[in-house]
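The block underneath contains the structure these notes are about, expressed in structure tokens.
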2 protein chains.
Amino acid sequence: MAPQGQVTSVPDDGLTTRQRRNRPLVIVHTGEMKGKSTAAFGLALRGWNQGWPIGVFQFVKSARWKVGEENALRALGEVHERTGQGAPVDWFKMGSGWSWTQRGPLDDHAAAAAEGWERIKADLAAQTYGLLVLDEFTYVIEWGWVDVEDVVATLAARPGFQHVVITGRRAHPRLVAAADLVVEMTKVKHPMDAGQKGQRGIEW
Amino acid sequence: MAPQGQVTSVPDDGLTTRQRRNRPLVIVHTGEMKGKSTAAFGLALRGWNQGWPIGVFQFVKSARWKVGEENALRALGEVHERTGQGAPVDWFKMGSGWSWTQRGPLDDHAAAAAEGWERIKADLAAQTYGLLVLDEFTYVIEWGWVDVEDVVATLAARPGFQHVVITGRRAHPRLVAAADLVVEMTKVKHPMDAGQKGQRGIEW
């Protein structure tokens, strides 16, 4: 008879119980409503507190980058540098040139997106981060700038313990199928319905 | 003829154009799926960057408080104290005694919830915060610990510029009617469907 609390058979998957419980996830935040990116950055707060290095990759050039989240998460990265609390934070943006490129802005958005994805593949292989946020990455797939089969295969084969959060509307069915957790943000009511314009601190 | 870009009539509501554009919102994150609180804390990142004092009130005692978000947001509050960047952050929890009470834990959850709501009313009147997160507050309404009519009237009458974010499932119809923005998080796919248990850094 096995001692109390001890399992009598163990799956033959080469994982410890803890590893099996703490499985790295592919998370997709999709749907028409806001909150997709916001919730991803909220997850980054938890990851930071766990000591997981955070890598944010913002795809799709925008006049309104998420500067609030960027400034706050960068400040948390600085807290880590200064005190050791939390984890380091890297934040990369497409469009104004990824920060690792030597050249200036890429006018070719497809090429810039492909370049970003290659960097992510390299970081996944190197296990640079514990939590990666691929913000608005669904569009890059939708527009064919990055091959969805390559994405799915790369995520499935990623080594170690790396959570990946992908945001954006209309997530590709192949991506949804490959994800562990998919949340859809749907609109119940929005102030723009009443003619309200987007505002600082709420929309960006 | 009016000069280009100048409005020819102005609503008689006593607000400047900027105030009318930047209207304080009541936001509700509801639905069965996770991401409700996470997105609220993501909004807190933006608010912090705007210099809005952040007040988080966690209702419903839990063995798994959102310690990740709490530690990260408290660290941002410390960044503000040290450097002036961002804004101050206060974080209050029900159940182990709100931090403003002199007495110990309140066994009477209804009384503890009512006490928290009275404090929030006082803070709204005093305009202590620019962004208030009332986490899991929908349950407190659902269980009758706080009167929904009092909540709606208090929110409608709050002075100045104070955004209020309320999270939790099954938001009361009166609260939904009173809110400016309501997002519902719905499940598409969850790892617990496949027997996966909740894990650190993702669930809390």
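Not measured: the values here are computed from a predicted model. Values reported hereafter were calculated over all heavy atoms of this structure, with side chains retained and with hydrogens, waters and symmetry mates removed. So you know, we letter chains A, B, ... as the sequences are listed, proteins then strands, and number each from 1.
- Listed by chain and residue number, A:Asp150 satisfy the side-chain hydrogen bond (donor to acceptor under 3.5 Å, both in side chains) test with A:Trp117 (two or more places apart in sequence, or in another chain).
- Looking at B:Arg46 and A:Thr38, their side chains come closer than 4.5 Å, going by heavy atoms from C-beta outward.
- For the side chain to side chain donor-acceptor pair (under 3.5 Å) condition, the pairs that include at least one residue of residues 73-87 of chain B, sequence neighbours left out, are B:Glu70-B:Arg74.
- Contact check for B:Leu45 versus A:Leu45: side-chain heavy atoms found under the 4.5 Å cut-off.
- Contact count against chain A (heavy-atom pairs under 4.5 Å) is highest for B:Ala75 among B:Ala40, B:Ala44, B:Ala75.
- Results of the side-chain contact (heavy atoms from CB on, under 4.5 Å) test with A:Thr186 over B:Thr186, B:Val182, B:Val183 single out B:Thr186 as the only residue that passes.
- In this structure, CG on B:Leu73 lies 8.0 Å from CG on A:Leu76, to the nearest 0.5 angstrom.
- Residue A:Gly35 comes nearest to B:Ala39 through the heavy atom pair O-CB, 4.2 Å, listed as atom of the first residue, atom of the second, then distance.
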